[in-house]
Amino acid sequence: MKSRKSQKAHYDPLKAPEDLAVIWYDASNDIAIMLSEDSVLDSENHTVKVSVAHFSVYGVVSRSEWLEMWGKRLPTIRSSDVHYNIVLAMDCSGSMYGSAMTNSISSAQNLVDTLNSGDYISVVAFSDYASAIVERTEITDESKITVKTRISMLGAMGGTNIDAVLRWLRNFVRFNASMTEG
(Lines give C-alpha, C1' and ligand atoms only; values in the text may rest on other atoms or scores of the structure.)
Protein backbone atom coordinates (compact mmCIF):
# COMPACT_ATOMS: atom_id res chain seq x y z
CA MET A 1 0.00 0.00 0.00
CA LYS A 2 1.29 3.47 -0.92
CA SER A 3 2.12 5.79 1.96
CA ARG A 4 -0.23 8.75 2.18
CA LYS A 5 0.84 12.32 2.86
CA SER A 6 -1.15 15.32 3.90
CA GLN A 7 -1.49 18.32 1.58
CA LYS A 8 -2.99 21.62 2.79
CA ALA A 9 -4.50 24.36 0.61
CA HIS A 10 -5.90 27.77 1.50
CA TYR A 11 -9.28 28.93 0.21
CA ASP A 12 -11.17 32.18 -0.19
CA PRO A 13 -13.43 32.51 2.88
CA LEU A 14 -16.05 34.28 0.74
CA LYS A 15 -16.77 30.96 -1.04
CA ALA A 16 -19.28 28.63 0.57
CA PRO A 17 -17.20 26.09 2.58
CA GLU A 18 -19.66 23.23 1.97
CA ASP A 19 -19.18 23.73 -1.79
CA LEU A 20 -15.39 23.39 -1.79
CA ALA A 21 -13.53 20.61 -3.55
CA VAL A 22 -9.85 19.79 -3.88
CA ILE A 23 -8.59 19.06 -7.39
CA TRP A 24 -5.33 17.43 -8.45
CA TYR A 25 -3.77 18.24 -11.81
CA ASP A 26 -2.45 15.08 -13.46
CA ALA A 27 0.12 16.58 -15.84
CA SER A 28 0.95 13.29 -17.58
CA ASN A 29 -2.69 12.91 -18.71
CA ASP A 30 -3.50 16.67 -18.82
CA ILE A 31 -6.61 16.31 -16.64
CA ALA A 32 -7.84 17.63 -13.30
CA ILE A 33 -9.27 15.09 -10.85
CA MET A 34 -11.57 15.99 -7.96
CA LEU A 35 -10.33 14.65 -4.58
CA SER A 36 -12.93 16.16 -2.28
CA GLU A 37 -14.08 12.89 -0.68
CA ASP A 38 -11.03 12.72 1.61
CA SER A 39 -10.73 16.44 2.34
CA VAL A 40 -10.97 18.02 5.81
CA LEU A 41 -12.21 21.61 6.05
CA ASP A 42 -10.74 23.99 8.65
CA SER A 43 -13.05 27.01 8.43
CA GLU A 44 -11.19 28.85 11.22
CA ASN A 45 -7.89 28.90 9.29
CA HIS A 46 -9.51 28.84 5.82
CA THR A 47 -7.72 25.67 4.76
CA VAL A 48 -8.63 22.34 3.28
CA LYS A 49 -6.43 19.33 4.04
CA VAL A 50 -6.44 16.22 1.89
CA SER A 51 -4.59 12.91 2.13
CA VAL A 52 -2.63 12.17 -1.05
CA ALA A 53 -0.32 9.44 -2.34
CA HIS A 54 2.12 11.95 -3.87
CA PHE A 55 2.90 15.64 -3.96
CA SER A 56 1.83 17.47 -7.10
CA VAL A 57 -0.27 20.45 -8.20
CA TYR A 58 -3.49 20.84 -6.22
CA GLY A 59 -6.15 23.51 -6.03
CA VAL A 60 -9.32 24.39 -4.16
CA VAL A 61 -12.37 25.16 -6.28
CA SER A 62 -16.08 25.71 -5.89
CA ARG A 63 -17.50 22.27 -6.68
CA SER A 64 -20.67 23.62 -8.33
CA GLU A 65 -18.80 26.18 -10.46
CA TRP A 66 -16.20 23.61 -11.49
CA LEU A 67 -18.79 21.02 -12.51
CA GLU A 68 -20.85 23.64 -14.32
CA MET A 69 -17.84 24.90 -16.23
CA TRP A 70 -16.40 21.49 -17.18
CA GLY A 71 -19.68 19.62 -17.43
CA LYS A 72 -20.89 21.58 -20.45
CA ARG A 73 -21.23 19.52 -23.56
CA LEU A 74 -19.14 20.48 -26.53
CA PRO A 75 -21.09 20.31 -29.77
CA THR A 76 -20.29 17.27 -31.85
CA ILE A 77 -20.72 17.20 -35.57
CA ARG A 78 -21.19 13.92 -37.33
CA SER A 79 -23.07 12.71 -40.32
CA SER A 80 -26.54 11.31 -39.61
CA ASP A 81 -25.63 8.14 -41.53
CA VAL A 82 -22.70 7.36 -39.21
CA HIS A 83 -23.62 5.17 -36.24
CA TYR A 84 -21.42 3.97 -33.38
CA ASN A 85 -21.28 0.50 -31.89
CA ILE A 86 -19.48 1.05 -28.57
CA VAL A 87 -18.30 -1.51 -26.04
CA LEU A 88 -17.43 0.25 -22.80
CA ALA A 89 -15.23 -1.71 -20.37
CA MET A 90 -15.41 -0.28 -16.83
CA ASP A 91 -12.84 -1.09 -14.15
CA CYS A 92 -14.75 -1.81 -10.94
CA SER A 93 -11.81 -3.14 -8.92
CA GLY A 94 -11.06 -1.98 -5.40
CA SER A 95 -8.47 0.51 -6.69
CA MET A 96 -11.37 2.49 -8.19
CA TYR A 97 -12.97 3.09 -4.76
CA GLY A 98 -14.11 6.64 -4.01
CA SER A 99 -13.73 9.55 -6.40
CA ALA A 100 -12.16 7.39 -9.12
CA MET A 101 -15.33 5.27 -9.33
CA THR A 102 -17.59 8.33 -9.06
CA ASN A 103 -15.71 10.03 -11.91
CA SER A 104 -15.74 6.86 -14.00
CA ILE A 105 -19.51 6.48 -13.60
CA SER A 106 -20.10 10.16 -14.40
CA SER A 107 -17.91 9.96 -17.52
CA ALA A 108 -19.66 6.81 -18.73
CA GLN A 109 -23.07 8.43 -18.25
CA ASN A 110 -21.88 11.51 -20.13
CA LEU A 111 -20.76 9.23 -22.97
CA VAL A 112 -24.23 7.68 -23.11
CA ASP A 113 -25.76 11.16 -23.35
CA THR A 114 -23.67 11.91 -26.46
CA LEU A 115 -24.97 8.88 -28.38
CA ASN A 116 -27.65 9.24 -31.05
CA SER A 117 -30.58 7.07 -32.07
CA GLY A 118 -29.25 4.22 -34.16
CA ASP A 119 -26.03 3.91 -32.13
CA TYR A 120 -25.40 0.81 -30.02
CA ILE A 121 -23.69 0.37 -26.66
CA SER A 122 -22.61 -2.57 -24.54
CA VAL A 123 -21.13 -2.13 -21.06
CA VAL A 124 -18.93 -4.72 -19.39
CA ALA A 125 -17.82 -4.29 -15.77
CA PHE A 126 -14.70 -6.05 -14.55
CA SER A 127 -12.83 -6.67 -11.32
CA ASP A 128 -12.16 -10.30 -10.32
CA TYR A 129 -14.23 -11.34 -13.35
CA ALA A 130 -15.97 -9.61 -16.28
CA SER A 131 -19.70 -9.49 -16.94
CA ALA A 132 -22.01 -7.50 -19.15
CA ILE A 133 -24.15 -5.07 -17.20
CA VAL A 134 -25.66 -3.84 -20.47
CA GLU A 135 -25.96 -6.25 -23.39
CA ARG A 136 -25.74 -4.71 -26.87
CA THR A 137 -28.51 -2.08 -26.80
CA GLU A 138 -29.76 0.29 -29.48
CA ILE A 139 -29.83 3.86 -28.26
CA THR A 140 -33.21 5.50 -27.75
CA ASP A 141 -34.34 8.07 -25.19
CA GLU A 142 -35.67 5.22 -23.01
CA SER A 143 -32.60 2.99 -23.37
CA LYS A 144 -30.32 5.89 -22.37
CA ILE A 145 -32.11 6.04 -19.02
CA THR A 146 -31.78 2.27 -18.52
CA VAL A 147 -28.09 2.20 -19.47
CA LYS A 148 -27.24 5.17 -17.23
CA THR A 149 -29.15 3.60 -14.31
CA ARG A 150 -27.25 0.32 -14.64
CA ILE A 151 -23.95 2.19 -14.80
CA SER A 152 -24.88 4.18 -11.68
CA MET A 153 -25.25 0.96 -9.66
CA LEU A 154 -21.60 -0.06 -10.13
CA GLY A 155 -19.33 -0.23 -7.11
CA ALA A 156 -15.63 -0.81 -6.57
CA MET A 157 -14.34 -4.05 -5.04
CA GLY A 158 -12.10 -6.98 -5.83
CA GLY A 159 -8.96 -7.29 -7.92
CA THR A 160 -8.15 -6.04 -11.41
CA ASN A 161 -8.42 -9.04 -13.73
CA ILE A 162 -7.51 -7.58 -17.12
CA ASP A 163 -7.44 -11.05 -18.70
CA ALA A 164 -11.11 -11.57 -17.85
CA VAL A 165 -12.24 -8.42 -19.63
CA LEU A 166 -9.97 -9.09 -22.63
CA ARG A 167 -11.45 -12.61 -22.96
CA TRP A 168 -14.97 -11.15 -22.71
CA LEU A 169 -14.19 -8.54 -25.37
CA ARG A 170 -12.59 -11.13 -27.68
CA ASN A 171 -15.67 -13.37 -27.41
CA PHE A 172 -17.97 -10.39 -27.96
CA VAL A 173 -16.14 -9.40 -31.14
CA ARG A 174 -16.08 -13.00 -32.43
CA PHE A 175 -19.80 -13.44 -31.80
CA ASN A 176 -20.79 -10.14 -33.45
CA ALA A 177 -18.43 -10.70 -36.40
CA SER A 178 -19.96 -14.13 -37.05
CA MET A 179 -23.45 -12.58 -36.98
CA THR A 180 -22.51 -10.10 -39.70
CA GLU A 181 -20.68 -12.58 -41.97
CA GLY A 182 -23.73 -14.77 -42.71
Side-chain angles (χ1 to χ4, degrees), residues 1-13 15-73 86-114 121-134 144-166 168-169:
M1 182 178 217
K2 294 180 182 177
S3 68
R4 310 273 308 165
K5 295 169 180 51
S6 187
Q7 183 77 327
K8 189 186 297 186
H10 294 273
Y11 68 88
D12 181 350
K15 296 285 184 186
E18 63 274 356
D19 190 36
L20 295 180
V22 176
I23 58 167
W24 162 58
Y25 178 65
D26 177 357
S28 62
N29 293 307
D30 195 30
I31 58 171
I33 301 168
M34 201 171 286
L35 301 175
S36 61
E37 290 184 359
D38 300 325
S39 61
V40 177
L41 177 69
D42 179 352
S43 57
E44 194 172 300
N45 295 310
H46 308 296
T47 61
V48 178
K49 190 161 82 172
V50 65
S51 176
V52 296
H54 51 81
F55 288 109
S56 186
V57 177
Y58 295 89
V60 178
V61 297
S62 163
R63 174 189 292 274
S64 58
E65 289 177 26
W66 179 266
L67 293 175
E68 180 181 337
M69 180 173 64
W70 293 106
K72 292 180 180 166
R73 305 247 184 278
I86 295 174
V87 178
L88 179 62
M90 297 189 65
D91 182 354
C92 295
S93 65
S95 64
M96 294 295 292
Y97 183 79
S99 61
M101 193 75 225
T102 302
N103 292 339
S104 179
I105 288 169
S106 177
S107 296
Q109 291 174 327
N110 288 341
L111 170 69
V112 172
D113 284 335
T114 66
I121 190 166
S122 305
V123 182
V124 59
F126 70 96
S127 57
D128 292 327
Y129 59 91
S131 64
I133 63 163
V134 176
K144 281 185 180 185
I145 294 168
T146 302
V147 171
K148 288 168 49 175
T149 299
R150 289 186 182 163
I151 290 170
S152 73
M153 294 188 295
L154 292 174
M157 59 193 278
T160 307
N161 188 346
I162 298 292
D163 289 339
V165 73
L166 292 176
W168 188 97
L169 291 168

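Basis for what follows: all heavy atoms, side chains included, without hydrogens, waters or symmetry-related copies. Fair warning: this is a prediction, and the values are worked out from it, not measured in the lab. We're numbering straight along the sequence, starting at 1.
Nearest approach of S152 to Q109, heavy atoms of both residues: CB-NE2, 3.4 Å. F126 and I162 get closest at one heavy-atom pair: CE1-CD1, 3.9 Å. Residues V147 and V134 share a closest heavy-atom pair of CG2-CG1, 3.8 Å. Closest non-hydrogen pair, L88 versus A108, comes out as CD2-CB, 3.6 Å. Residues W168 and A132 come closest through the heavy atom pair CZ2-CB, 3.6 Å. Closest approach of I133 and R150 over heavy atoms only: O-CD, 3.1 Å.
In terms of modelled atom types and a separation under 3.5 Å, the side chain of S104 and the main chain of A100 share no donor-acceptor contact.
In this structure, I121 CD1 and I86 CD1 are separated by 5.5 Å, a value rounded to the nearest 0.5 Å. How far CE of M96 is from OG1 of T102: 9.0 Å, rounded to the nearest 0.5 Å. The CG atom of N161 sits 10.5 Å away from atom CG of D91, with the distance rounded to the nearest 0.5 Å. Rounding to the nearest 0.5 Å gives a distance of 12.0 Å between CD1 of I105 and CG of N110.
With contacts defined as side-chain heavy-atom distances shorter than 4.5 Å, the pair K148/D113 qualifies. Proximity of M101 to C92: side-chain heavy atoms (C-beta onward) are separated by under 4.5 Å at one or more points.
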